[in-house]
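Note that this is a predicted model, so its numbers are computed, not measured. Any value given below was found using the heavy atoms of this structure, including those in side chains, with hydrogens, waters and symmetry copies removed.
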Amino acid sequence: MRVILAKSAGFCYGVQRAVDLAEKTAQASGGCWMLGDLIHNRYAVERLHQLGLRKAAGPDALQAGDTVLIRSHGELKSVLDGLEARGVRCVDATCPNVRRIQRLAAQAEEEGRIPILIGEPDHPEVLAAASWCKKTLVLQGPEAVRQWLNTHPEEQKTPFLVMAQTTCIRELFETSWKIIKKECTNAKKFDTICDATHKRQAEAAQIASEADAMVVVGDRKSANTRHLTEICARNCPRVLSIENADELPPDFFEGVSVAGLTAGASTPAGIIKEVYAAMSEEIKAVENKEESFEELLNQSFKTLNTGEKVTGIVTAITPTEVQVDVGAKQAAYIKLSELTDDPSAKPEDVVKVGDEIETYIVRVNDVEGYAELSKKRLDAVKVWENIEQAVEEKVVLEGTVTEENKGGIVVSVKGVRVFVPASQSGQPRGADLSAMKGQKVQLRITEVNRARRRVVGSIRSVTDEARRAAQEEIWASIEQGKRYTGTVKSMTSYGVFVDIGGVDGMVHISELSWSRIKTPSEICKVGDTMEVYVISFDSEKRKISLGVKDHNIDPWQVFIDKYNVGDVASVRIVKLIDFGAFAEVVPGVDGLIHISQIADRRIEKPGDVLSEGQIVDVKITAVDEERKKISLSIRALLTPALDETENGEEA
């Protein structure tokens, strides 16, 4: 009998983020408040309460200066506005995927669309999302959609935006959308089901189809847990939903050969481990009951055969060998040469008395009553088995780059040489692969030929997957005005592309600097780190417009605060024209030097004296604040006395 544990069981990204924020905020502020349960798990909430996270009676109970944590399901917009107006400090632990639904609802209203949200009407996530626009239709599934359309036939031409609760069962959402799309001529869809939720539900369905009994762990208030239970019940005849290991009945696993275990997104890892351990113990108890006296008797007379695996207990260690009790009549031992590949290792460095050890039987001598064992040979077999299993399960392994080879690199994974072609190294074409030597890398095994001892792997598949995950995280949390630290990836004549964590955004040349520039290379180069903020984004087209210059700064006000008429300024010539030259006084503010004010003599054209990029001293002779124009003069600094004399004669 075996237990299959879902790999995705336990906290999702949004829940883990909320819990981490709660712990950090509670400890930093000496205690804080929450409105409703932070997540749907009473054990996790009780633990946070011990750290200082208390539940407020309601929004009105909070005063200026209080700190409140907004739960992962989000909060009503009216509540958030009220808290801000009263000076309550809000720490937003709303799941990024839930926040995205709120933004889409608000955006739909701006576009004249009515949001339709497929989900549970009374769920806090749904209530919060619906509050971000004046009108939102919340429909629980296909039946509710059909009923609403039948009673509102006049709405068929209304522009709708169809979304889903993040934990909605995908089948319900897709079926609902097909009905709406068929009946409504102006409907638009956004798939807002959390990827982690979909993965968790698909995995639960797969395990349930293989298992004789299925256990789902999670708080009974959690919609995520309820949906997992429903999905498992469709695929498995025996399904049990529990909150902790104490609720596991002792006779649940009788007659079961395969048991499955999964958990909702709000279930702490500690509870899952306790349930898994309890299931294992219950299964052992059931198995022990079923063992016959004959089987137990046969086990007491274990027969050893050359070439088989055997598990025993280390009973003694000498400088040359390790003695092992394998439960047979023969005495068994491992020579030091068969214990490990490391010739400098001492036996006690590898094993300890009392350790359980799995070995390979090299030779059995029934006449003299002993058996020779080998741990080293079994370890080698296990490594290859693990490598072959890694191919089937697409497991990510870690290794160290040991050398550059023809056409790629070699990575040592648990002592096995893995060849990684240059195209799968994750490096740009033509890159110097020798620079990777000594680096620890993550990779997947793509091909194994045990007979030829050939193993091929891919680093690129792991980095590409990580990049896609980073991209999804960016798109789930991106907001207008949000700031990022990015890296300049490429440059064009009209701007630069900046990587903000797996996603590239465009900074137009006009947004790079307040100063006039001809090319982005005047400001930055490929590889530079750049602080940027989001000007706008299009989630459907996957385009982001970024900015660098701070629009909170008014260049004209900077000039007014710094200079007065009559002041001397050091300026940069930015453009030459027929009747003079424009010069940058402060970044974003230019002044005009008329041709008559460039020199103390008559000149044919400004280029006879000045050149673009040149730094010169000028006198500020006039400022038109209404039209934001500045007059500058070089001549006034060259012949001030002559100008005063001429002015006097004219007077």
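- More than 12 non-hydrogen atoms from other residues, nucleotides or ligands lie less than 6.0 angstrom from CZ of Arg170.
- Surrounding CD of Glu447 are more than 12 heavy atoms belonging to other residues, nucleotides or ligands, all under 6.0 Å away.
- Considering only heavy atoms from C-beta on, Arg516 comes within 4.5 Å of Asp590 through its side chain.
- Between Gln206 and Ser209, the closest heavy-atom pair is O-OG, 2.5 Å.
- Looking at heavy atoms from C-beta onward, Trp475 lies in side-chain contact with Val503 at the 4.5 angstrom threshold.
- For the pair Lys375 and Glu358, the salt-bridge criterion is not met [side-chain N within less than 4.0 Å of a carboxylate O].
- The shortest distance between side-chain heavy atoms of Met214 and Ile207 falls below 4.5 Å.
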Exercise. For side-chain contact (heavy atoms from CB on, under 4.5 Å), just list the numbers for Ile101 and Val126, CA-CA rounded to whole Å, side-chain angles, deciding distance to a tenth of an Å, and then say yes or no.
Key: CA-CA 9 Å; Ile101 296 175; Val126 175; over 6 Å; no
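- Asn224 places a side-chain N or O within donor-acceptor distance of the main-chain N or O of Ala265, the cut-off being under 3.5 Å.
- Panel note: side chain Thr487, backbone Met530; no donor-acceptor pair is recorded below 3.5 Å.
- Note that the SG atom of Cys133 and the CD atom of Gln102 stand 10.5 Å from one another [nearest 0.5 Å].
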Practice problem: With side-chain contact (heavy atoms from CB on, under 4.5 Å) as the test, would you mind laying out the steps for Trp177 and Ile118 before giving the verdict? | Solution: CA-CA 9 Å; Trp177 164 244; Ile118 308 300; over 6 Å; no
Exercise. Carefully, step by step, assess Ile70 and Leu80 under the rule side-chain contact (heavy atoms from CB on, under 4.5 Å).
Key: CA-CA 9 Å; Ile70 305 303; Leu80 296 176; 3.5 Å; yes
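- What you find for Glu75 and Trp132 is that their closest heavy atoms are O-NE1, 4.0 Å.
- For the pair Glu465 and Arg444, the salt-bridge criterion is met [side-chain N within less than 4.0 Å of a carboxylate O].
- In this structure, Glu612 does not pair ionically with Lys575, as no charged nitrogen and carboxylate oxygen lie closer than 4.0 Å.
- The main-chain N or O of Pro421 is never found under 3.5 Å from a side-chain atom of Gln424 such that the two would form a donor-acceptor pair.
- At least one donor-acceptor pair under 3.5 Å links the side chain of Arg113 to the backbone N or O of Phe160.
- For the residue pair Ile517 and Pro520, the shortest heavy atom distance occurs at CD1-CA, 4.4 Å.
- One finds a salt bridge joining Arg47 and Glu23 here, because a Lys/Arg side-chain nitrogen approaches an Asp/Glu carboxylate oxygen to under 4.0 Å.
- In summary, Arg103 and Glu479 engage in a salt bridge, as defined by a charged side-chain N under 4.0 Å from a carboxylate O.
- Taking the centre and axis of the six-membered ring of Phe190, the NZ or CZ atom of Arg100 falls outside the cone set by 45° and 6.0 Å.
- Ion pairing of Glu403 with Lys437 is absent here, as no side-chain N (NZ or NE/NH1/NH2) approaches a carboxylate O to less than 4.0 Å.
- A heavy-atom distance below 4.5 Å is not found between the side chains of Ser412 and Val418.
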For residues 490-499, which side-chain donor-acceptor pairs fall under 3.5 Å, sequence neighbours excluded?
from, atom 1, to, atom 2, distance (Å)
Thr492, OG1, Tyr494, N, 3.3
Thr492, OG1, Gly495, N, 3.2
Thr492, OG1, Gly495, O, 3.1
Asp499, OD1, Gly501, N, 2.8
Asp499, OD1, Gly502, N, 2.7

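- Judged by distance alone, with hydrogens and angles left aside, the side-chain atoms of Thr402 form a donor-acceptor pair with the main-chain N or O of Val410 at under 3.5 Å.
- In this structure, Asn405 and Arg417 have side chains that are in contact, with non-hydrogen atoms separated by less than 4.5 Å.
- Closest heavy-atom contact between Val216 and Cys232: CG2-SG, 4.0 Å.
- Thr175 places a side-chain N or O within donor-acceptor distance of the main-chain N or O of Glu171, the cut-off being under 3.5 Å.
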Quiz prompt | Worked verdict on Val488 versus Lys525 for side-chain contact (heavy atoms from CB on, under 4.5 Å) | solution = CA-CA 7 Å; Val488 178; Lys525 63 182 182 298; over 6 Å; no
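- With a 4.5 Å cut-off on side-chain heavy atoms, Val420 and Leu443 count as touching.
- Distance alone, capped at 3.5 Å, places no donor-acceptor pair between the Ser222 side chain and the Gly218 backbone.
- The backbone N or O of Gly264 sits less than 3.5 Å from a side-chain atom of Thr267, completing a donor-acceptor pair.
- Taken from CD1 in Ile474 to CD1 in Ile544, the straight-line distance is 7.0 Å, to the nearest 0.5 Å.
- From Arg200, atom CZ reaches atom SG of Cys194 across 8.0 Å, with rounding to the nearest 0.5 Å.
- Note that CD1 of Ile231 and CD1 of Ile169 are 4.5 Å apart. Values are rounded to the nearest 0.5 Å.
- In this structure, the side chain of Thr25 engages the main chain of Leu21 through a donor-acceptor pair within 3.5 Å.
- Closest of all the heavy-atom pairs between Lys518 and Glu522 is N-OE2, 2.8 Å.
- The distance from atom CD1 of Ile615 to atom OG of Ser570, rounded to the nearest 0.5 Å, is 5.5 Å.
- There is no side-chain donor-acceptor pair under 3.5 Å between Gln471 and Arg468.
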Quiz prompt | Step-by-step salt bridge (charged side-chain N to carboxylate O under 4.0 Å, His left out) determination, Arg483 to Glu531 | solution = CA-CA 7 Å; Arg483 295 187 172 274; Glu531 299 293 327; over 6 Å; no
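- A 6.0 Å sphere centred on NZ of Lys189 holds more than 12 heavy atoms belonging to other residues, nucleotides or ligands.
- Put simply, CD on Glu125 and OG1 on Thr167 are 5.5 Å apart, with the number rounded to the nearest 0.5 Å.
- Comment: Glu473 does not engage Arg17 in a salt bridge, judged by the lack of any side-chain N to carboxylate O separation of less than 4.0 angstrom.
- Taking every heavy atom of both residues into account, Ala390 and Leu397 meet most closely at CB-CD1, 3.9 Å.
- Residues forming a side chain to side chain contact (heavy atoms under 4.5 Å, CB included) with Pro555 (at least two apart in sequence, or on another chain): Trp514, Val589.
- For the pairing with Leu546, the side-chain contact (heavy atoms from CB on, under 4.5 Å) check across Leu512, Ile500, Ile535 returns one residue only, Ile500.
- Side-chain contact between Val19 and Ile39: present, with at least one pair of heavy atoms (C-beta onward) separated by less than 4.5 Å.
- At least one donor-acceptor pair under 3.5 Å links the side chain of Lys376 to the backbone N or O of Ser337.
- Contact check for Val571 versus Glu584: no side-chain heavy atoms found under the 4.5 Å cut-off.
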